[in-house]
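What follows is a single structure, written as structure tokens, with notes after it.
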Amino acid sequence: MEYFDVIVIGAGPAGNAAAKKLADAGKETLVVDWRDTPGDKLCTGIIVIECSVILTPDKSIIYSEPLDVTVHSPDGNSYILADTSPHALIVDRVKYVQDMASDAEFSGANYIFNARVNEIKQRSGFIELTGKITGKTSNK
């Protein structure tokens, strides 16, 4: 049985950001994700500028910085929102999330992929996770 200070469930943007901060703070951190590859899911790849300042994407994965967007409402109407500066970036989302996971790993976070957490039990002094691990691990 392995012991960690913190276990993060999910290797998406929030999980990877948390894992990096925790590992940077010296916490033994484990990230568990059910996917084989972090970030490999259907997503638009649109991140708001505020997010890009906190979790800066590599310039090579930024596809565009749109100044306007068209919003299609459920009632069939369309609206154009425009400004003189971008409020979002369109990025290669898979690479963006993978880069964040790599940064967290470099800081010392451990990852287990292809793993499902089925149960979380509180024990005296610790938390126990049970689940199925079929994939790869990193760092440890």
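Note that the coordinates shown come from a computational prediction; the quantities given were computed from them, not determined experimentally.
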To the nearest 0.5 Å, what is the distance between [atom1] ([X]) and [atom2] ([Y])?
X     : Y     : atom1 : atom2 : answer
Lys27 : Asp5  : NZ    : CG    : 5.5 Å
Trp34 : Ile9  : CH2   : CD1   : 14.5 Å
Ile46 : Cys51 : CD1   : SG    : 12.5 Å
Arg93 : Gln98 : CZ    : CD    : 10.5 Å

At their closest point, which heavy atom of Ala23 faces which heavy atom of Ser107, and how far apart are they?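 Heavy atoms only, the tightest pair is CB-O, 3.5 Å.
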Pairing residues for Thr56 by the side chain to side chain donor-acceptor pair (under 3.5 Å) criterion, not counting sequence neighbours: none
For Thr70, all residues meeting side chain to side chain donor-acceptor pair (under 3.5 Å), sequence neighbours excluded: none
Side chain to side chain contact (heavy atoms under 4.5 Å, CB included) partners of Ala101, counting only residues at least two apart: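 Listed in chain order: Asn16, Pro38, Tyr111.
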Does [X] belong to the same Ile/Leu/Val/Met/Phe/Trp/Tyr cluster as [Y], with side-chain heavy atoms less than 4.5 Å apart forming each link?
X     : Y     : value
Val71 : Leu67 : no
Val48 : Ile54 : no
Val97 : Tyr63 : no

Indicate yes or no: at least one non-hydrogen side-chain atom of [X] is less than 4.5 angstrom from one of [Y].
X      : Y      : result
Ile7   : Ile127 : no
Val117 : Ile120 : yes
Ser73  : Ser78  : no

My understanding is that only residues two or more places apart in sequence, or in another chain, count here; which of them pass salt bridge (charged side-chain N to carboxylate O under 4.0 Å, His left out) with [X]?
X     : value
Lys95 : Asp99
Asp92 : none
Asp24 : Lys20

Flag if over 12 foreign heavy atoms under 6.0 Å of CD, Gln122: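 For Gln122, atom CD is not crowded (no more than 12 foreign heavy atoms under 6.0 Å).
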Atom pairs and distances, donor-acceptor, side-chain atoms in residues 79-91, under 3.5 Å, two or more places apart:
residue: Asp83; atom: OD2; partner: His87; partner atom: NE2; Å: 2.5

Assess the residue pair Leu55 and Met100 against the criterion (side-chain contact (heavy atoms from CB on, under 4.5 Å)); give the C-alpha distance rounded to whole Å, side-chain angles, the decisive distance to 0.1 Å, and a yes or no. CA-CA 8 Å; Leu55 302 166; Met100 289 192 303; 3.7 Å; yes
Please check this pair: side chain of Asn110 against backbone of Thr29, looking for a donor-acceptor N/O pair closer than 3.5 Å.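 A pair under 3.5 Å: yes.
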Quick one: salt bridge (charged side-chain N to carboxylate O under 4.0 Å, His left out) pairs with a partner in residues 44-71, sequence neighbours left out? none
Pick one: which of Leu30, Val31, Asp33 meets side-chain contact (heavy atoms from CB on, under 4.5 Å) with Val8? Val31
